[in-house]
Amino acid sequence: MRRMTARPANAHQARLLQLLRDGGPNSRAQLGDQVDLSRSKLAVEVDRLLETGLVVADGLAASRGGRRSHNVRLNPELRFLGVDIGATSVDVAVTNAELEILGHINQPMDVREGPVAVFEQVLSMAAKLRASGLAEGFDGAGIGVPGPVRFPEGVPVAPPIMPGWDGFPVREALSQELGCPVMVDNDVNLMALGEQHAGVARTQHDFLVVKIGTGIGCGIVVGGDVYRGTTGSAGDIGHIQAVPDGRQCACGNRGCLEAHFSGAALARDATEAAQQGQSAELANRLAANGGLSAADVAAAAAAGDATALDLIREGGRSTGQVIAGLVSFFNPGLVVIGGGVTGLGHNLLAAIRTQVYRQSLPLATGNLPIVLGELGPTAGVIGAARLISDHLFSPA
């Protein structure tokens, strides 16, 4: 470990650290308003945190009448590394202890190259951020991967689109390489944490985040905490059957949502449509680029191409059908749609909303917002930093 050898000694100290992380510098008096501690007990806990170096003094607070209180803040030298590994790209960012992004790099990457090659690239990106002067080293790192994770051990488990990753000790290997504690989770759970911390879900305690990228997954937040299930596979909605006896899926089953609508499925269907002469716009893009992506479908739809619009609407209906079942079961206060395919924008959102509002009961959908995420590609890295800070800002 580098510098952050101290951990909060009790739940009161953990709560104070989390308040300073989420709310920024604060006065002792204002912290006292938010925790159930006497003034003398609060003073003792804050002083102990100051002694650990996790918290530093930050001048005098504005007067509230009478003697002015002292401000405290998290140590501004603390640094977290957030890593969000997708199927086709990787984001790496450095944050401070308040989870503000200080530097962020995105690079293309193929997760199918396997963990050794991917983590060589991640470590190279982290070294580049370190060399830029943003961090001498890291106090902790959060890692997101696009597949199920056995959370306590930080190990991917039989991820369908990640050959060679099953059982790889991500947490242990990267902790040794980076010299700091590491936590690992599914990428969609980290997107949910990111939107909860700094995005559209800031005021929500029970919500769903659906990520539509190369595959499809769902982050589930219950009572303010990510729900991972018994083995870490909660939210794997891409493998819920959307079309009986439908297309073959990479998981081995037929008709999975992911096989019918995802970034990869959309590119496949758009290519078929272009080759069959159904869309001149898509055919021109295919000829120019040698292949099609979800971004090409979005551009074609924006140009008014009927086939592209039909592909988006059909995918939205299939996705909305699955989300409607989740809404009826879970009754969330918010559904967030994120991931690379959200470049399809409001055509996709409208199709999802229409299906959910039509299919789910009015009691569940009467006040249910279904919205696009606010943070885009930074949601995952902010969530990764939030994950490791939750770990380090809890009693050892």
Side-chain angles (χ1 to χ4, degrees), residues 79-96 98-112 118-119 121-126 128-129 132 134-135 141-147 149 161-162 183-202 207-219 221 226 235 238 262-264 266-267 293-299 302 319 335-346 348-349 371-389:
R79 293 290 183 268
F80 298 137
L81 185 71
V83 179
D84 183 17
I85 298 168
T88 58
S89 67
V90 57
D91 289 87
V92 178
V94 176
T95 78
N96 61 15
E98 292 160 12
L99 310 191
E100 296 168 331
I101 293 179
L102 306 178
H104 176 206
I105 300 174
N106 168 274
Q107 291 183 359
M109 176 276 308
D110 187 347
V111 76
R112 294 173 298 182
V118 168
F119 286 129
Q121 185 171 348
V122 167
L123 292 169
S124 173
M125 294 166 73
K128 188 179 294 186
L129 288 167
S132 69
L134 294 173
I143 316 290
V145 297
V149 173
I161 64 170
M162 300 169 63
M183 296 294 286
V184 184
D185 205 349
N186 173 267
D187 60 343
V188 194
N189 290 342
L190 297 190
M191 179 178 280
L193 285 174
E195 291 289 350
Q196 180 186 41
H197 181 80
V200 72
R202 283 186 297 271
F207 64 95
L208 301 174
V209 173
V210 178
K211 180 179 181 180
I212 309 174
T214 302
I216 296 186
C218 180
V221 176
V226 171
S262 61
L266 187 60
S293 67
D296 291 308
V297 179
T319 306
V335 176
V336 182
I337 310 297
V341 175
T342 52
L344 302 174
H346 289 280
L348 172 64
L349 193 62
V371 301
L372 297 177
E374 282 185 351
L375 301 179
T378 64
V381 290
I382 292 173
R386 167 68 183 267
L387 176 71
I388 188 62
S389 72

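These numbers were taken from a predicted model, which means no experiment stands behind them. Values below: every heavy atom of this structure, side chains too, minus hydrogens, waters and symmetry copies.
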**Student:** Can you list the residues that meet the side-chain hydrogen bond (donor to acceptor under 3.5 Å, both in side chains) rule with S293, with sequence neighbours excluded?
**Tutor:** D296

**Student:** In a check of side chain to side chain contact (heavy atoms under 4.5 Å, CB included) between N189 and each of L387, V209, V226, V149, which one passes?
**Tutor:** V226

**Student:** Minimum heavy-atom separation for I161 to V111, with atom names?
**Tutor:** O-CG1, 3.5 Å

**Student:** Could you grab the distance from atom CD of E98 to atom OG of S389, nearest 0.5 Å is fine?
**Tutor:** 11.0 Å

**Student:** Calculate, to the nearest 0.5 Å, the distance between atoms CG and CD1 belonging to D84 and I382 respectively.
**Tutor:** 11.0 Å

**Student:** Which pair of heavy atoms, one from S262 and one from I216, lies closest together, and at what distance?
**Tutor:** CB-CG1, 4.2 Å

**Student:** Measuring from atom CG of L190 to atom NZ of K211, what distance do you get when rounded to the nearest 0.5 angstrom?
**Tutor:** 9.0 Å

**Student:** Please answer whether the main-chain N or O of L375 pairs with a side-chain N or O of T378 as donor and acceptor at a distance below 3.5 Å.
**Tutor:** yes

**Student:** Indicate the atoms forming the closest heavy-atom contact of M191 with A379, along with that distance.
**Tutor:** CG-CB, 4.0 Å

**Student:** Between Q196 and G383 (side chain of the first, backbone of the second, donor and acceptor by atom type, cut-off under 3.5 Å), is there such a pair?
**Tutor:** no

**Student:** Can you name the closest pair of heavy atoms from A192 and F207 and give their distance?
**Tutor:** O-CZ, 3.8 Å

**Student:** Could you state the interatomic distance from CZ (R112) to OG1 (T214), rounded to the nearest 0.5 Å?
**Tutor:** 9.0 Å

**Student:** Would you find a donor on one side and an acceptor on the other, under 3.5 Å apart, between the side chain of R79 and the backbone of L134?
**Tutor:** yes

**Student:** Below 4.5 Å, heavy atoms only, C-beta onward: do V381 and I101 meet side chain to side chain?
**Tutor:** yes

**Student:** To the nearest 0.5 Å, how far apart are CE in M125 and CE in M109?
**Tutor:** 8.5 Å

**Student:** Could you go through the side-chain contact (heavy atoms from CB on, under 4.5 Å) check for D187 and I85 one step at a time?
**Tutor:** CA-CA 7 Å; D187 60 343; I85 298 168; over 6 Å; no

**Student:** Mind listing the closest non-hydrogen atom pair of A384 and G82 along with its distance?
**Tutor:** CB-CA, 3.7 Å

**Student:** Any side-chain heavy-atom pair from Q107 and I105 closer than 4.5 angstrom?
**Tutor:** yes

**Student:** When rounded to the nearest 0.5 angstrom, what is the spacing between CG in L372 and CG in L344?
**Tutor:** 10.0 Å

**Student:** Okay, side chain of D110, backbone of T88: is any donor-acceptor separation there less than 3.5 Å?
**Tutor:** no

**Student:** Between E195 and E374, is there a donor-acceptor pair closer than 3.5 Å when you use the side chain of the first and the backbone of the second?
**Tutor:** yes

**Student:** Please name the pair of heavy atoms, one in V210 and one in C218, separated by the smallest distance, quoted to 0.1 Å.
**Tutor:** CG2-SG, 4.2 Å

